[in-house]
Structure formats: C-alpha cells, structure tokens
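For reference, the structure is listed below as structure tokens.
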Amino acid sequence: MKLFSLLVAGFTLLLPAVAQAQKSPVDIAPDQLIKNVSNEVLEIVRKDKDIQSGNSKKVLDLVEAKVLPNFNFTHMTQLALARDWRVATPAQKATLTEEFRTLLVRTYSKALTEYKNQTIEFKPLAMKPGETDVKVRTNIVQPGAKPVALDYFVEALPQGWKVYDIEVSGISLVTNYRESFATEVRNGGIDGLIATLQTKNRSAESK
Amino acid sequence: MTKVFEKTIRLLAMLAAASVMVGLLNGCATTGNSKDPIEGYNRVMFAFNDGVDRAVVKPLAQGYVAAVPAPVRTGVANFFGNIADVFIAVNNLLQGKLPEAVGDIGRVVINSTVGLVGVIDWASDVGLEKHDEDFGQTFGRWGVGDGPYVVLPIFGPRTMRDAFAQVLDTHVDPVAEVDHVPTRNTLVATRGISDRADFLSADKILQEAALDRYAYVRDAYLQLRRSKVYDGNAPRLKEDE
C-alpha cells in the first residue's frame with residue numbers, strides 16, 4: 001500500500017527538481033542544478049491555480065520548457081531496454097526514445113498536478129574532482145509521513161549535466177519498465193514494443 | 001445427509017474448476033519471468049484485489065478523505081504509526097542496528113506521552129527519524145532470499161519470504177490482539193482505510209505510467225523491497241538482473 005504513496009510523492013516532486021534555467025550548465029554543480037530547478041518549478045506550480053486544478057496543457061508546456069533539457073532520454077531508453085537495446089537499429093532506437101520520452105513526460109506532468117504541500121530537502125553532495133557520474137540525494141518531506149528518498153543519477157556530458165535515472169525510495173522509474181519491455185520484445189520484437197508504446201501514447205492523447 | 005454430500009461435491013467441483021482455470025492461465029499468461037513463476041495465479045489474484053478495491057476499499061477511502069479534515073487524518077495515521085514503531089524497534093534490534101532501535105524506543109516514549117497516545121508525532125520534530133522495518137526485512141538481512149513473487153488476497157504483493165514474515169507481523173500486531181471484536185474490527189478497518197487514503201492520487205498516475213499495470217506494480221514492489229533490505233543503498237541493477 002505504501003508503495004503507491006511513494007510513487008505519487010516521487011512523481012510529484014520529480015520534475016521540479018530537474019528543470020533548470022538555460023544558462024551555461026557546465027559551470028554549475030549537479031546538486032546545485034537539481035536545487036535551482038526544483039525551486040524554480042515548484043515556485044511556478046505553487047502560484048498557478050490552473051496547474052493545481054489539473055490543466056494538462058499548461059503543465060506539459062512547463063515541463064517541456066524547464067525540465068526536458070536536463071534529461072538524457074536516449075540513456076534512459078537504453079537502460080529500460082537493457083540487452084534488447086543492442087539489437088535495435090538506429091532508426092528503432094530513435095523511435096523508441098521518442099515514444100518512451102512521451103510516456104515519461106506525460107506521467108510526470110500528471111504527477112505535477114498532484115503537488116500538495118511537500119517540501120524538498122537537499123542532501124550535501126560529496127563529489128570528487130573529475131567525477132562524471134554522481135547520485136544527487138534529496139528527501140521529500142510531508143507532514144505526518146516518513147520522508148521519501150528521491151535520488152537523481154546525473155552524468156556529465158559535453159552539453160552539461162544530464163539526469164539519466166531517478167529513484168523514488170529505491171524504485172527506479174526507468175528500469176521499472178525493463179520486464180514489461182522485455183516481454184513485449186519477446187512477443188513481437190522491437191517493432192512490437194514500438195507499436196505497444198505508440199498505442200499507449202495515442203490512447204492517452206485522445207482522452 | 002444428501003444435502004451435505006451435495007454441498008461437498010459442489011464445493012469440490014468449484015475448486016477443481018478454479019484450479020483448472022488457474023492452470024490454464026498459468027500456461028497462457030506466464031511470460032517466463034524467473035522472479036514470477038506463478039504469474040497466472042498472481043494475475044487472477046491481482047484482478048480480484050483490484051475488484052475489491054474498486055467496489056469497497058477505494059470508495060471508503062474517498063469518503064474518509066471527504067468527511068475527515070486533514071489534521072485529524074494525520075492524527076489517525078500517527079496513532080497507528082506509533083504502534084508500528086514498537087515493532088520497528090524490535091526488528092532493528094533483531095538486525096543488530098542498536099542506535100536505530102534506541103531511536104525507535106525514544107519515539108514511542110515521546111509520542112505515547114506528550115504526543116497524546118501517538119496522535120501527534122513530536123518525536124520527528126525533535127529529530128528522531130521514523131524508520132521502516134518489518135520481519136521480512138529482518139529475514140532479508142539475515143540472508144533469507146526473496147523467493148518467488150506472490151499476490152496475497154487483500155494484502156496484495158509480497159515475496160514468498162515476506163508472505164511468511166507477514167504471518168509473524170500479524171501475530172505480534174497489537175491491533176489484531178484486541179479482545180473486544182467490534183473494537184478490533186473497527187481498528188483494523190480504520191487503519192486499512194487510512195493507509196489506502198494515502199495513495200488515492202496514485203491511481204491516476206499508475207494508469208498513466210504503466211503499459212501493464214500488473215507488471216508495473218510487481219516490478220516496483222520488488223525494487224522497493226530490495227532497496228529496503230539494503231536500507232536505501234542497494235547497488236544498481238546490472239543489465240541481466
């Protein structure tokens with residue numbers, strides 16, 4: 001039962017923490033990046049009555065502008081596909097990434113509309129010089145409940161620090177798809193998985 | 001006499017039909033996941049629990065949220081949380097985590113007294129962090145493997161290890177030990193509804209996120225248990241795990 005509240009809390013506070021203003025990202029430390037973005041997006045959500053009442057167009061725009069530039073969706077898709085990634089053609093990889101991105105973004109946007117009065121606690125990051133792959137730890141604090149751990153896996157790329165995985169209470173929101181994806185690929189090949197993702201995304205759009 | 005005979009036959013026939021159904025589903029629906037060898041049965045039970053949830057539990061939880069103000073709901077959750085802290089302390093002790101166990105006992109002492117029998121969580125305010133332990137995690141810490149994934153009626157997802165540990169958890173649960181049956185039933189029901197109310201908004205998100213709700217819940221549950229046994233510091237999964 002607790003699992004679900006963790007998922008909500010995680011999804012809800014995930015995006016804010018990853019959005020980031022577009023300014024020379026390489027100069028900024030990964031934990032600072034997460035912090036800036038969290039505060040910026042939550043500030044917007046707190047003030048916006050439309051978002052709080054579930055205006056999905058507005059949330060999607062916010063996410064598109066502030067959050068998406070800080071994600072490495074190709075790496076995320078690769079992690080979710082695991083071994084099957086290697087047998088996919090470049091064209092299939094591109095389509096998979098596009099569809100998986102749509103799925104994740106829609107889910108997270110939905111979660112953002114569920115934001116209530118939680119706050120985020122940022123834990124200090126002990127980063128060694130030259131490190132290119134770090135885990136930024138945060139805690140979601142909600143009155144009357146145990147804090148929920150929300151951790152970001154961030155890697156240094158030429159374009160700056162990018163998030164490639166997120167764990168809510170140790171549940172990776174990316175690798176959680178591994179078994180379902182593997183089943184789809186076993187039953188219908190890579191194209192079968194692509195078709196399933198497209199159907200899912202289209203049915204959600206038409207709602 | 002014949003009536004009893006008839007009833008027995010009918011019961012046996014129903015059982016046989018049920019097991020054939022489960023067997024068939026097992027044959028068709030199993031996707032070859034080594035952690036989930038009884039997927040056919042599990043999917044049937046998942047659907048059953050889902051039906052109970054939609055028909056009974058979720059409407060009750062929605063009513064509870066609508067009727068009871070938030071501070072009172074927090075108080076109810078804290079009250080049951082305080083009872084749970086006693087067992088969290090025991091499990092921390094059994095796992096050899098002495099400082100945590102001492103913290104848990106401190107929580108119970110503070111919350112049971114100045115926290116008005118647990119309704120107010122003062123202990124968190126003075127910096128005594130709430131932990132999350134149970135017998136399943138203790139067994140995991142002792143090296144007992146997860147075993148296959150199993151969906152229990154009403155209780156929901158478990159690993160086989162946790163399903164056995166659940167028997168212990170329930171056995172020492174003071175709420176289940178209350179002698180006065182109506183009081184006990186009220187307490188158990190209130191706790192269940194209070195827990196369910198916590199994740200009402202998750203339903204929509206789950207619907208949005210999952211390709212296959214059964215698999216999504218299963219895999220999230222297995223990841224969560226793995227992480228808890230490592231107290232939040234589980235090594236990252238490799239490609240073939």
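Just so you know, these numbers come straight off a predicted model, no measurement behind them. Computed over heavy atoms, backbone and side chain alike; hydrogens, waters and symmetry mates excluded.
Heavy atoms from other residues, nucleotides or ligands lying under 6.0 Å from CH2 of A:W85 number more than 12.
For B:N42, the side-chain hydrogen bond (donor to acceptor under 3.5 Å, both in side chains) test picks out B:D36, with sequence neighbours left out. The side-chain hydrogen bond (donor to acceptor under 3.5 Å, both in side chains) test applied to A:K57 returns A:D61, not counting sequence neighbours.
Contact count versus chain B (heavy atoms, under 4.5 Å) is highest, among A:T196, A:L81, A:D165, for A:D165.
Interface remark: A:L104 contributes no atoms to any contact with chain B (heavy atom separation under 4.5 Å). For A:T199, no part lies under 4.5 angstrom from a heavy atom of chain B.
In this model, no donor atom of one side chain and acceptor atom of the other lie less than 3.5 Å apart for A:R101 and A:T77.
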